[in-house]
Amino acid sequence: MTPRIVVTGLGVTSAIGIGVRQFWEAALAGRSGVSKLSAFESMPMEAYRSQVAGQIHDFAVGQYLVGPLAERVDRFAQFAMVATKEAVADSALQLGREDPYRIGVMVGAGMGGMVIAEPEYHRVYQALRPNRVVPNFIPEVTLNSASGALAIMCGAKGPNLTISTACSSSAHAIGLARDAIRAGRADVVIAAGADASIVPLTFGGFCSLRALSTTFNDSPEKASRAFSRTRDGFVMGEGAGALILESLDHARKRDARIYAEVAAYAATSEAHHMVVPREDGLEIANTMSMALRNARLRPGQVDYINAHATSTPIGDVVEIRAIKHLFQRRANQVAINATKSLMGHTLGAAGALAGIVCALTVDSGLIHPTLNYDDPDPDCALPGISRRAQERSVQVALLNAFGFGSNNATVVFKRCLT
Amino acid sequence: MTADTDVALRVREALAQYLKRDVATIKPSDSLRDDLGLDSLATIELLYQIEEAFDVEIPDTDLPSLVTVADVTTYLQGRTTQAPPGAAKPNLPSR
């Protein structure tokens with residue numbers, strides 16, 4: 001019999017809190033983690049169109065981890081390590097008692113080690129001394145440095161993969177972690193997502209792409225405003241999330257706390273455009289529909305959707321269009337929120353952080369508010385979106401995540417009824 | 001050649017270079033999207049080149065007014081154009 005997969009541990013490194021408790025309290029209270037963009041040394045900051053970001057200020061990895069490994073990886077991998085340490089502790093797994101070859105790691109990352117990459121590029125071209133590139137450059141910049149570091153930290157010798165599909169990366173990490181356990185390749189998989197790319201070149205690249213909010217530079221906490229009439233682009237964020245996935249049998253044997261079951265996962269490509277979704281929303285609707293069919297659930301059974309909802313003019317309306325198309329009248333009853341309204345868009349970490357929110361919401365019945373939803377766009381407005389926290393029984397939750405490269409993912413969580 | 005027509009020609013030349021077409025085939029009345037086939041990302045790339053060529057910065061809020069080649073020319077000649085009331089924002093990158 002194919003095993004059922006459950007979530008038994010959570011960990012967060014975010015702009016609204018390091019640690020799940022702090023993160024969840026801030027989310028339910030509707031506290032924003034978006035602030036004025038910190039200065040990039042001597043860079044003329046006024047030249048950036050967008051000047052707001054969801055940054056984790058004053059992060060010092062030594063406060064959370066000891067040993068040389070954490071000091072020798074990029075910021076995004078440090079975020080992942082901190083989140084994973086918490087998730088493992090939260091799960092109460094005794095890693096030393098597990099078969100190490102049955103513990104896997106799946107990490108979603110969009111950009112990789114940009115914090116070391118950018119200044120090093122600059123130095124080598126400026127000094128013209130290619131023989132003085134720092135020796136640890138390649139190990140730190142490599143996209144799978146985070147999944148490698150997590151394996152070393154946890155002694156996890158099972159499947160170790162990095163998934164990079166831009167903003168949907170770690171939704172796929174959760175889905176593929178589930179698949180790996182169902183296929184019998186692991187008993188436990190650490191599913192994580194991480195990104196830390198608020199650095200001069202990458203941030204400038206997103207500005208040039210005109211993807212970021214520009215009209216709320218003087219009121220940063222208002223800039224990430226999914227479904228609002230005045231939304232004008234996403235806010236760049238950073239962070240990491242980690243979830244411990246294991247088979248229900250494995251969790252039961254050790255009497256683990258179960259947050260939620262990961263009931264299904266669907267992955268598609270729109271095969272349409274590198275950075276813009278199909279306007280009719282049919283591909284997104286199809287992705288959600290496939291995931292629900294895989295879970296043997298009907299749209300009418302869905303109670304809550306953690307929307308991708310980046311606060312871009314086209315993205316939000318297309319997702320709502322897709323929800324209305326698939327859910328019909330149920331679209332007026334399902335609760336929907338935008339986690340990115342709290343801390344901006346954390347790119348490769350977004351799926352994992354949304355997955356954590358789904359697990360906590362299924363577990364608690366609490367739905368965090370969507371910040372700045374004070375001027376609803378008539379094309380996005382649905383009764384289940386609220387700028388206040390909601391409470392209701394959530395049996396089934398969907399996580400939507402979409403990435404550049406025409407990439408879509410939906411993960412289905414449900415209450416674990418045994 | 002007047003300054004105004006110089007701007008018009010430079011805009012058409014920038015488009016011709018971007019599209020790899022003969023400048024004579026690009027008319028002021030051409031719509032960037034419907035006639036020249038520029039999608040949102042291509043429009044942003046073109047405007048990036050025009051910003052470089054004319055040493056200007058075109059804010060996102062001005063994009064809705066730039067529908068035709070002539071609109072771009074007029075905009076550059078004095079940034080006098082305003083987005084018509086209710087003009088939809090273009091489909092900027094979103095994921």
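- By the 6.0 Å contact criterion, CZ on Arg49(A) is enclosed, its count of non-hydrogen atoms from other residues, nucleotides or ligands being greater than 12.
- Counting non-hydrogen atoms of neighbouring residues, nucleotides and ligands closer than 6.0 angstrom, the CG atom of Asp22(B) exceeds 12 such neighbours.
- Residues of residues 205-217 of chain A lying under 4.5 angstrom from chain B, judged on non-hydrogen atoms, are Ser208(A), Leu209(A), Arg210(A), Ala211(A), Leu212(A), Thr214(A), Thr215(A) in numerical order.
- Within 6.0 Å of CD in Gln17(B) there are 12 or fewer heavy atoms belonging to other residues, nucleotides or ligands.
- Within residues 271-280 of chain A, the residues having any heavy atom less than 4.5 Å from a heavy atom of chain B are, in residue-number order, His273(A), Val275(A), Val276(A), Pro277(A), Glu279(A).
- With a threshold of 4.5 angstrom between heavy atoms, Glu45(B) does not approach chain A through any atom at all.
- Atom OH of Tyr18(B) has more than 12 heavy atoms from other residues, nucleotides or ligands within 6.0 Å.
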